2 protein chains.
Amino acid sequence: MPEENTSPLQIDSEQIQRAADILKTVAHPARLKIIDFLEPGEQPVAQICKCLNAAQPFISHHLSLMKAKGILSSRRNGNQVFYSVANRNVIEVIHCVRRHGRGNQTCTGTAVSVRE
Amino acid sequence: MPEENTSPLQIDSEQIQRAADILKTVAHPARLKIIDFLEPGEQPVAQICKCLNAAQPFISHHLSLMKAKGILSSRRNGNQVFYSVANRNVIEVIHCVRRHGRGNQTCTGTAVSVRE
DNA sequence: TGACAATATGCAATTATCTCAATATATAGA
DNA sequence: TCTATATATTGAGATAATTGCATATTGTCA
């Protein structure tokens, strides 16, 4: 019988699962915007709503999704709840997105390129 | 009327859209595995099927999804089709996932951390 | 051309995601 | 306690993603 390369992957299946889960949560326009907005520092929900120009329940929903995945954390101060980015890997992803957006991408020019 | 911070985002909306689209495509266990497998160099479809231990139509479907987004590119050589990673940003993401997986993460220890 | 190997496509059923609207909860201050 | 403000939760309808299976396409070789 021929010996075969059953799993020449560099990442194990469980880690892949977790990563996919985190990335799936990040991979949404509103949620990316929230992360982008929060990256410099914590903000209360109302500010996030204003920044994204979106309804409060809509924002709250996405915030709690990300909090559940450990991407964001929150702290209450009186009436308000302040959210911040809790996962540094996600910040790496946002940085990557920013680099790409600025045309500073190391990208070789694929379908994702900005030229129209 | 109060002047407001309508969009203090560092990334513009269109770029966010594109990034979300790419990330959404990447954010799937099978597709992450494929990218992980292809990152060192191109591979024919049959090898990818064997590596992921998955049915060929299943793999083919995910390959064409990623190709459509410019994440992968393909070249035919006779009977076989070789796929490779075409988008360097996606490679950055895979590197980030690997760093995270190895416990080498710059992560501060959130719900995503590996310790159990 | 005919048969075989490698890959791609189409269909269908299940399941998950998105988003709005209504409403609930929590805190502060009078 | 009553009211107002800030945030969270729930329900529902629409849309999209997933995946197995059957089948089509493409290329090779005899």
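Note that the coordinates shown come from a computational prediction; the quantities given were computed from them, not determined experimentally. Per chain, numbering begins at 1; letters A, B, ... match sequence-line order.
Judged as a side-chain contact (heavy atoms from CB on, under 4.5 Å), and not counting sequence neighbours, B/Asn79 has no contacts. In this structure A/Asn77 satisfies the side chain to side chain donor-acceptor pair (under 3.5 Å) test with no other residue, sequence neighbours excluded. Residues passing the side chain to side chain donor-acceptor pair (under 3.5 Å) test with A/Ser74 are A/Lys67, sequence neighbours excluded. With sequence neighbours left out, A/Ser84 forms a side-chain contact (heavy atoms from CB on, under 4.5 Å) with A/Glu42, A/Ser73. For A/His61, the side-chain contact (heavy atoms from CB on, under 4.5 Å) criterion is met by A/Leu65, not counting sequence neighbours. With sequence neighbours excluded, the residues that form a side chain to side chain donor-acceptor pair (under 3.5 Å) with A/His62 are A/Arg31. Considering only residues two or more places apart in sequence or on other chains, B/Pro40 meets the side-chain contact (heavy atoms from CB on, under 4.5 Å) condition with A/Gln10. With sequence neighbours left out, B/Ser64 forms a side chain to side chain donor-acceptor pair (under 3.5 Å) with no residue at all.
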Tabulate protein N/O versus nucleotide N/O from nucleotides 27-30 of chain C, keeping only pairs under 3.5 Å, one per line.
from   : atom 1 : to      : atom 2 : distance (Å)
C/dT27 : O2     : A/Asn79 : OD1    : 3.1

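Protein atom CD of B/Gln80 is 10 Å distant from nucleotide atom C1' of C/dA5, rounded to whole Å. For the pair A/Ile34 CD1 and C/dT19 C1', the interatomic distance rounds to 13 Å; values are reported in whole Å. At whole-Å resolution of the value, CD1 in A/Ile59 and C1' in C/dC20 are 13 Å apart. C/dA8 atom C1' lies 14 Å from atom CD1 of B/Ile48, rounded to whole Å. We find that CD of A/Glu42 is positioned 12 Å from P of D/dT7, with the value rounded to whole Å. Spacing between atom CE of A/Met66 and atom P of C/dC18 amounts to 11 Å, rounded to whole angstrom units. For A/Asp21 and C/dA16, the CG to C1' distance is 12 Å, given to the nearest whole Å.
For the helix from C/dT1-D/dA30 to C/dA30-D/dT1, the terminal axes (five pairs an end, C1' atoms, rotation from four pairs onto the next four) enclose an angle of 20°, given to 10 degrees.
The two residues B/Gln17 and A/Pro29 have their closest heavy-atom pair at NE2-CG, 3.6 Å.
Contact check, A/Tyr83 against D/dA8: a side-chain N or O comes under 4.0 Å of OP1 or OP2.
Salt bridge absent: A/Glu92 and A/Arg88 never bring a charged side-chain N and a carboxylate O closer than 4.0 Å.
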At under 4.0 Å between heavy atoms, how does the protein contact nucleotides 13-25 of chain D? Give one character per nucleotide, 5' to 3', with B, S or -.
----SSBSBB---

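Within the structure, ring-ring contact (aromatic ring centres under 6.0 Å, His included) contacts touching residues 68-89 of chain B (residues at least two apart or in different chains) do not occur.
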